[in-house]
Structures are given as C-alpha cells and as structure tokens.
Participant: 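Following this message is one structure expressed as structure tokens.
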Amino acid sequence: MDKAQLILLGLPIFLFCSDLFNLFTPPPPKPQPQRPHQPPPHIPHQQHRPASFIPETLDFPSQKTSGLGGANGYGHTVEINFCVSCSFKGTAVTMKKMLETAFPGLDVILANYPPPAPKRLLAKVVPVAQMGVIGMIVAGDRIFPMIGIAQPPAWFHSLRANRFGSMASTWLIGNFLQSYLQSSGAFEVQCDGELVFSKLKEGRFPGEIELRDLISKTLTRPSTLY
C-alpha cells in the first residue's frame, strides 16, 4: 500500500473519529442572562450645608428611555432561538446588537433551536452506518463468512473494485445526511416568553426595522392585572 492509498484510507477514519467525538460531547451550558451593571449608590458625607444650597437631582440610567415610543429594555429579556447548523448565527448576532442599541438594558439571549427528536435520533445513527459501510468495504471478505454468508453479494464486489472511491463517497453522503438531519431552519424570537416572530411560520427572516417595531410594541404594551 503506497502513501497515496494510506492518505485516502486514513483521512476518512480521522474525520469519522472527529465527528464521533463532537457528536457525543455534551453541549456547553446555556449562558445566564447578563444583567446591566449598575454602579453602587454614592453615599455623600454628612456635611453642614448653607440653607441656600439646593442638591442636584441625580439622573440614573434606569430613568432614561430609548426614544422608540418610550420603550425601555431594563427588566426584559429577548430570546433568539436559531438553527446553528444552518449558518444563521451571523444574522442572530446582527439582530442582537441592533436590539441592544435600540433598547438599552435589554437582555438578548442567543440559543440553538434543535430539530425534532426523530431527526436528532437519525443524525446519531448516520455515523454508525458510515463506519459499518466502510468496515464492510475494507474487511467484507472476512465479515460475510462470519455471519453465515459464504458468497458475498454482487454489490460488495462493485464497492470493493473501487474501495477508496466507495469509502470517500460513503463519507461525503453520510456527512450531507447528518447536516440535513441536524438542521431545523428556525429563527424564532421571543420577548418575555411571548413569541413575536417565527421563521418556521413566516418562511422568511425578519427585517431589522420590523423586529425592532415588534419588540417595541411588546415592551410598551400595558400589562394586564388579574
């Protein structure tokens, strides 16, 4: 076996081990909402002041409004759940910066929107099937007699005739299927637990002005007291 054959054989095995390691690695913990940092209150020293001295009123940041209909982001949370495997992260980060600028103090949380459970289960089966097919191509002439098949089927001889091309094709097709099964195509925006925009329902991304107006209406909506 020459150097080129070793590279073609070792590369799929290395990629498979890397995908298998990433597949069973637990996801990172969900980041906790970051509250706006407020400086500690300043306690002035007790001093005797003249009777004509009028203390200046402090203007705290929480008393300011954003100018978008008087909406204020303090105490509110927006969650943007998007499909990570669909390369939607750039759009989510852009929306996060826009909302934090438009509504000071607003907590914007980015999180992955997972696909349905059946697709997640099939995505975990694909790497196992890949390894099985590659193992069958490499050592099928010894595996078939062990399972009681004396004469290997015709498709095995076709794959064995071009083993390196068959292994590369198996790896590429498996990676494509795994990427498809892990994608949800979602871009869901919630404000204080209320869904304000859903790409799964609308079939499109929200515009920046559109999303800003939706969040502003939700923040300025009077709360109902029961």
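Count residues from 1 along the sequence. When reading the values below, keep in mind they use all heavy atoms of this one structure, side chains included, and skip hydrogens, waters and symmetry mates.
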Participant: Do NZ/NE/NH1/NH2 and the carboxylate oxygens of Arg212 and Glu208 come within less than 4.0 Å?
Facilitator: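 No.
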Participant: Could you tell me if Gln182 and Ser85 have a donor-acceptor pair between their side chains, going purely by distance under 3.5 Å?
Facilitator: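 The answer is no; no qualifying pair exists.
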Participant: Return yes if some donor-acceptor pair links the side-chain N/O of Asn112 with the main-chain N/O of Val84 below 3.5 Å, else return no.
Facilitator: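 Side chain of Asn112 to backbone of Val84: a pair is present.
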Participant: Is it true that a side-chain atom of Ser179 and a backbone atom of Asn175 form a donor plus acceptor pair closer than 3.5 Å?
Facilitator: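 Not at all, since once roles are kept as given, no pair shorter than 3.5 Å links the two residues.
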Participant: Mind checking whether Leu181 and Leu121 sit in one hydrophobic cluster, side chains of I, L, V, M, F, W, Y counted as touching below 4.5 Å?
Facilitator: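 Leu181 does not cluster with Leu121.
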Participant: Just to verify, what does Ser184 make a side chain to side chain contact (heavy atoms under 4.5 Å, CB included) with, not counting sequence neighbours?
Facilitator: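 Partners of Ser184 under the side chain to side chain contact (heavy atoms under 4.5 Å, CB included) test: Cys83, Tyr113, Pro115, Ala186.
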Participant: Shared ILVMFWY cluster between Val93 and Val108, side chains joined below 4.5 angstrom?
Facilitator: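 In one cluster: yes.
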Participant: Does Arg221 come within less than 4.0 Å of Glu194, counting only side-chain N to carboxylate O?
Facilitator: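 Looking at Arg221 and Glu194, the cut-off is met.
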Participant: If every non-hydrogen atom of Leu106 is compared with every non-hydrogen atom of Thr77, which pair is closest and at what distance?
Facilitator: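 So the two residues come closest at CD1-N, 4.2 Å.
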Participant: Within a reach of under 6.0 Å around NZ of Lys119, are more than 12 heavy atoms found that belong to other residues, nucleotides or ligands?
Facilitator: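 For Lys119, atom NZ is crowded (more than 12 foreign heavy atoms under 6.0 Å).
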Participant: Nearest heavy-atom pair of Ile80 and Lys96: which atoms, and what distance?
Facilitator: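 Shortest heavy-atom separation between Ile80 and Lys96 comes out as CD1-N, 4.4 Å.
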Participant: Can you name the nearest heavy-atom pair linking Thr170 to Gln130, along with the distance?
Facilitator: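 Of all heavy-atom pairs spanning Thr170 and Gln130, the closest is O-NE2, 3.5 Å.
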Participant: Would you give the length of the straight line joining atom CG of Leu219 to atom CZ of Phe103, rounded to the nearest 0.5 angstrom?
Facilitator: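 Separation between the atoms: 5.5 Å.
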Participant: Which distance, rounded to the nearest 0.5 Å, do you find between the CD1 of Ile173 and the CD of Gln178?
Facilitator: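 Output value for this atom pair is 14.0 Å.
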Participant: State whether the side chain of Glu210 and the backbone N or O of Gly207 hold a donor-acceptor pair below 3.5 Å, judged by distance alone.
Facilitator: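 A pair under 3.5 Å: yes.
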Participant: Does one hydrophobic cluster hold both Met131 and Leu177, with members joined at side-chain heavy-atom distances below 4.5 Å?
Facilitator: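 No: no chain of side-chain contacts under 4.5 Å links Met131 to Leu177.
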Participant: Would you say Glu188's side chain and Ser198's backbone share a donor-acceptor pair under 3.5 angstrom?
Facilitator: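 No, because the side chain of Glu188 does not come within donor-acceptor range (under 3.5 Å) of the backbone of Ser198.
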Participant: Which pair of non-hydrogen atoms, one from Cys191 and one from Val78, has the smallest distance, and what is that distance?
Facilitator: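 That closest heavy-atom pairing would be SG-CG2, 4.1 Å.
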Participant: Please determine whether residues Leu211 and Phe88 belong to a single hydrophobic cluster, defined as Ile, Leu, Val, Met, Phe, Trp and Tyr linked transitively by side-chain heavy-atom distances below 4.5 Å.
Facilitator: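 Yes, Leu211 connects to Phe88 through the hydrophobic network.
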Participant: Please report the shortest heavy-atom distance between Gly140 and Arg160, naming the atom on each side.
Facilitator: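 For Gly140 and Arg160, the tightest heavy-atom pair comes out as N-NH1, 4.4 Å.
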Participant: Check the pair Lys201 / Leu195 against side chain to side chain contact (heavy atoms under 4.5 Å, CB included), numbers first and verdict last.
Facilitator: CA-CA 11 Å; Lys201 296 180 180 179; Leu195 183 65; 4.0 Å; yes
Participant: Would you mind reporting whether Thr91 and Phe82 have side-chain heavy atoms less than 4.5 Å apart?
Facilitator: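 SC-SC contact between Phe82 and Thr91 ruled out.
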Participant: Is the backbone of Ile137 close enough, under 3.5 Å, to the side chain of Arg163 for a donor and an acceptor to pair up by distance?
Facilitator: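 Not at all, since once roles are kept as given, no pair shorter than 3.5 Å links the two residues.
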Participant: Considering all heavy atoms of both residues, which atom of Met136 and which atom of Phe156 are nearest to each other, and what is their separation?
Facilitator: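 Heavy-atom minimum between the residues: O-CE1, 3.1 Å.
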Participant: NZ of Lys89 to OG1 of Thr94: how many Å apart, nearest 0.5 Å?
Facilitator: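 It comes to 12.0 Å.
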Participant: To the nearest 0.5 angstrom, please state how far the CG atom of Leu99 sits from the CE atom of Met95.
Facilitator: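 The CE atom of Met95 is 8.0 Å from CG of Leu99, to the nearest 0.5 Å.
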Participant: Using the rule that two of Ile, Leu, Val, Met, Phe, Trp, Tyr join whenever any of their side-chain heavy atoms come within less than 4.5 Å, decide whether Val133 and Trp155 are in one cluster.
Facilitator: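 As far as the 4.5 Å side-chain criterion goes, Trp155 and Val133 are connected within one cluster.
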Participant: May I have all residue pairs that pass ring pair (Phe, Tyr, Trp, His ring centres under 6.0 Å) and include part of residues 174-200, sequence neighbours excluded?
Facilitator: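 Every pair satisfying ring pair (Phe, Tyr, Trp, His ring centres under 6.0 Å) with a residue in residues 174-200: Phe187-Phe205.
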